[in-house]
**Q** 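Supplied in structure tokens, the structure appears directly below.
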2 protein chains.
Amino acid sequence: MSIDGQLPPKARLLRAAAELLANSGGSAVSTRQITQLAGVTAPTLYHHFGDKEGLFDAVVAAGFDEYVAGERDFAPSGQPLEDIRRMWDNHVQFGLKQPELYLVMFGNIRPESRPAIVADAEALMEEMLNKAAVSGQLNVPPKEAARSILAANVGVTLMLIAEKVPERNLELSAMTRDAMIFAVSTEQARDNGSVDSGKSSVVVAAIALNAALQASHSDQLSSSELKLFLEWLHRISNSSTS
Amino acid sequence: MSIDGQLPPKARLLRAAAELLANSGGSAVSTRQITQLAGVTAPTLYHHFGDKEGLFDAVVAAGFDEYVAGERDFAPSGQPLEDIRRMWDNHVQFGLKQPELYLVMFGNIRPESRPAIVADAEALMEEMLNKAAVSGQLNVPPKEAARSILAANVGVTLMLIAEKVPERNLELSAMTRDAMIFAVSTEQARDNGSVDSGKSSVVVAAIALNAALQASHSDQLSSSELKLFLEWLHRISNSSTS
DNA sequence: CTAGCACCTATAGCAACGCTATATGAACTG
DNA sequence: CAGTTCATATAGCGTTGCTATAGGTGCTAG
């Protein structure tokens, strides 16, 4: 069993590494396995990729393209925060579908050395969050929101990967996802555009306070209090529609 | 430099492994380094711990005791959710103080094989969340809340560890923490938050809403909610004086 | 006191690992 | 056709985790 196909050795190495990584079942993958499956010898690997990690980086880059493609396939961007939710789910699905690859990408943490891939994923999410921000749907800077959401997203995915398949409960993901998105979003983001007229003075005042709070970043309340406060405001603001 | 102290070889191995792990700076720690520092030879290690991972598990067990001790030192506060918050912060601090040990404990993810240590940490958090649940402060089962919070906690800690020290921003942790706690808690859970200053337009709107609310009989909020809501409104309204 | 026994540790070494110094072939360029 | 560059192979270095085997140590029994 070898990868022949008359591809150039570089591509064969990439394919062999990806295949072994995907089927390794958690155990380590050696350069000898890879080169044997690719039908080349060791120096070829090091000529093209520098070292083992370079090869894995290249595999990860291809995997990341797939990841990004998945992330971008969504995003017809009616609702940026809805797109963020789909990005989250796509992230989790990617991790569960290719756990080995995912672990190389996001699970290979070393102190003081941040994998470039994480920064890329962060930038991707920040880009999307920027759209939400310009629509006034974010109450924290997009960069920090992206870092926070991605951290939780990775944490949840790692935990799901570590669990045995039959015990995996995607509710964990959904719950954490909604919590994070809710935390960074303003209240109007949870609104699907129900526009109403003939509001009472309470509603008007609530909307005014709402806007003022969002414009001025009141720090009179803690951020978590503010979330709850705004949720109530939202309830009051929508009271005329119910 | 070797660990002598006339301790039995088993303890010397544990100490040597812990020390090398703590100072390895991210690079791998070999059994030869450990045995040399402990002043023993290889078979001694394998006699006592089975294999390298067994040794690390033992080190982790000791580290986990320290972790648990830190988690239990807090918790007299009467407010379970406040204790959860401290558990979160303690978790992050532990990870940042001993990143190598933390990575062995929480960063060594393999598919289908869940480290027992994660389950223990989860149980610890679930136990605390149970107290919140009996007080009616949880709106999700404690088990799922614990898993969700812990997943986010680990994700945040790993991300902070991966960052260079000067760039570490603990706001990421605080924000994610509050988001998760808020997500699992009922509204009555929070009352003691940090009090800050406010902005004038907010104050105006708050006063308006306050007056409007008292003039009308809104049934959008329960009486207890309304009470807290008005209290916060009052706080915002008075912020100009501070 | 000695014999036996269980426990613990050391000597020496295996197979596998990541990686490389060196050399050879192929392909393009002048 | 000579020269240069790129790509691959031969062979092997140093290190890794781990172990088959044997020897030393301290105990209890006769």
Side-chain angles (χ1 to χ4, degrees), chain A residues 1-61 100-101 103-104 107-110 113 115, chain B residues 1-21 23-60 100-101 103-104 107-110 113 115:
Chain A
M1 187 179 86
S2 70
I3 293 184
D4 275 10
Q6 306 305 18
L7 287 95
K10 187 171 180 177
R12 274 184 290 167
L13 279 168
L14 274 174
R15 191 168 297 191
E19 178 175 329
L20 287 175
L21 221 42
N23 304 339
S24 65
S27 57
V29 177
S30 72
T31 60
R32 283 175 171 80
Q33 291 174 14
I34 297 172
T35 54
Q36 181 188 343
L37 180 58
V40 298
T41 51
T44 305
L45 190 162
Y46 294 93
H47 173 71
H48 287 291
F49 300 100
D51 60 357
K52 183 185 185 180
E53 194 167 352
L55 208 193
F56 283 0
D57 283 350
V59 174
V60 159
E100 322 295 337
L101 188 54
L103 287 179
V104 173
N108 221 7
I109 288 92
R110 278 178 300 274
S113 100
Chain B
M1 187 178 87
S2 70
I3 294 184
D4 274 10
Q6 306 305 20
L7 288 96
K10 188 172 180 176
R12 274 184 291 166
L13 278 169
L14 274 174
R15 191 167 298 191
E19 178 175 329
L20 287 175
L21 222 41
N23 305 338
S24 65
S27 56
V29 178
S30 71
T31 59
R32 281 175 170 81
Q33 291 173 11
I34 296 172
T35 54
Q36 180 188 343
L37 179 58
V40 299
T41 52
T44 306
L45 190 162
Y46 294 94
H47 172 70
H48 286 291
F49 300 100
D51 60 357
K52 184 185 184 180
E53 194 167 352
L55 209 193
F56 283 179
D57 283 350
V59 173
V60 158
E100 322 294 339
L101 188 55
L103 286 180
V104 173
N108 220 7
I109 288 93
R110 276 178 301 273
S113 99

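So you know, we letter chains A, B, ... as the sequences are listed, proteins then strands, and number each from 1. Computed from a predicted model, the values in this text were never measured in an experiment.
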**Q** In whole angstrom, give the distance that lies between atom CG of A/Leu13 and atom P of D/dA9.
**A** 10 Å

**Q** What are the two closest non-hydrogen atoms of B/Ala17 and B/Leu55, and how far apart are they?
**A**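 Shortest heavy-atom separation between B/Ala17 and B/Leu55 comes out as CB-CD2, 3.7 Å.
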
**Q** Whole Å only: how far is the CD atom of A/Gln33 from the P atom of C/dA15?
**A**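 Result: 18 Å.
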
**Q** What's the spacing between A/Leu13 CG and A/His47 NE2 if we round to 0.5 Å?
**A**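 Interatomic distance, A/Leu13 CG to A/His47 NE2, rounded to 0.5 Å: 11.0 Å.
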
**Q** Take atom CZ of A/Arg12 and atom P of D/dT8, then tell me their distance rounded to the nearest Å.
**A** 8 Å

**Q** For the pair B/Lys52 (side chain) and B/Val29 (backbone), establish whether a donor and an acceptor sit closer than 3.5 Å, ignoring hydrogens and angles.
**A** yes

**Q** Do A/Leu45 and A/Pro43 come within less than 4.5 Å of each other through their side chains, counting heavy atoms only?
**A**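 Of all side-chain heavy-atom pairs linking A/Pro43 with A/Leu45, none is under 4.5 Å.
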
**Q** Treat primed atoms plus P, OP1 and OP2 as sugar-phosphate and everything else as base, then score nucleotides 19-26 of chain C 5' to 3': B for base contact with protein heavy atoms under 4.0 Å, S for sugar-phosphate contact only, - for none.
**A** BBB-----

**Q** Which atoms form the tightest heavy-atom contact between A/Val40 and A/Arg12, and what is the distance?
**A** CG1-NH2, 4.4 Å

**Q** How many whole angstroms separate atom CZ of A/Phe49 from atom P of C/dG18?
**A**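 Spelled out: CZ on A/Phe49 to P on C/dG18 is 15 Å.
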
**Q** Counting side-chain heavy atoms from CB outward, which of C/dT9, D/dT10, C/dA10 is closest to B/Thr41?
**A** C/dA10

**Q** Return the nearest nucleotide to the side chain of B/Ser30; candidates are D/dA9, C/dT9, D/dT16.
**A**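 Of the options given, the side chain of B/Ser30 lies nearest D/dT16.
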
**Q** Please report, rounded to the nearest Å, how far the C1' atom of C/dG18 is from the NE2 atom of A/His48.
**A** 18 Å

**Q** Is there a side-chain polar atom (N or O) of B/His47 under 4.0 Å from OP1 or OP2 of C/dC8?
**A** yes

**Q** Check side chain to side chain contact (heavy atoms under 4.5 Å, CB included) between A/Tyr46 and all other residues, then give those that pass, not counting sequence neighbours.
**A**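 Side chain to side chain contact (heavy atoms under 4.5 Å, CB included) check on A/Tyr46 returns A/Thr31, A/Ala42, A/Asp51.
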
**Q** Would you mind reading off the distance between B/Phe56 atom CZ and D/dT16 atom P, rounded to a whole angstrom?
**A** 12 Å

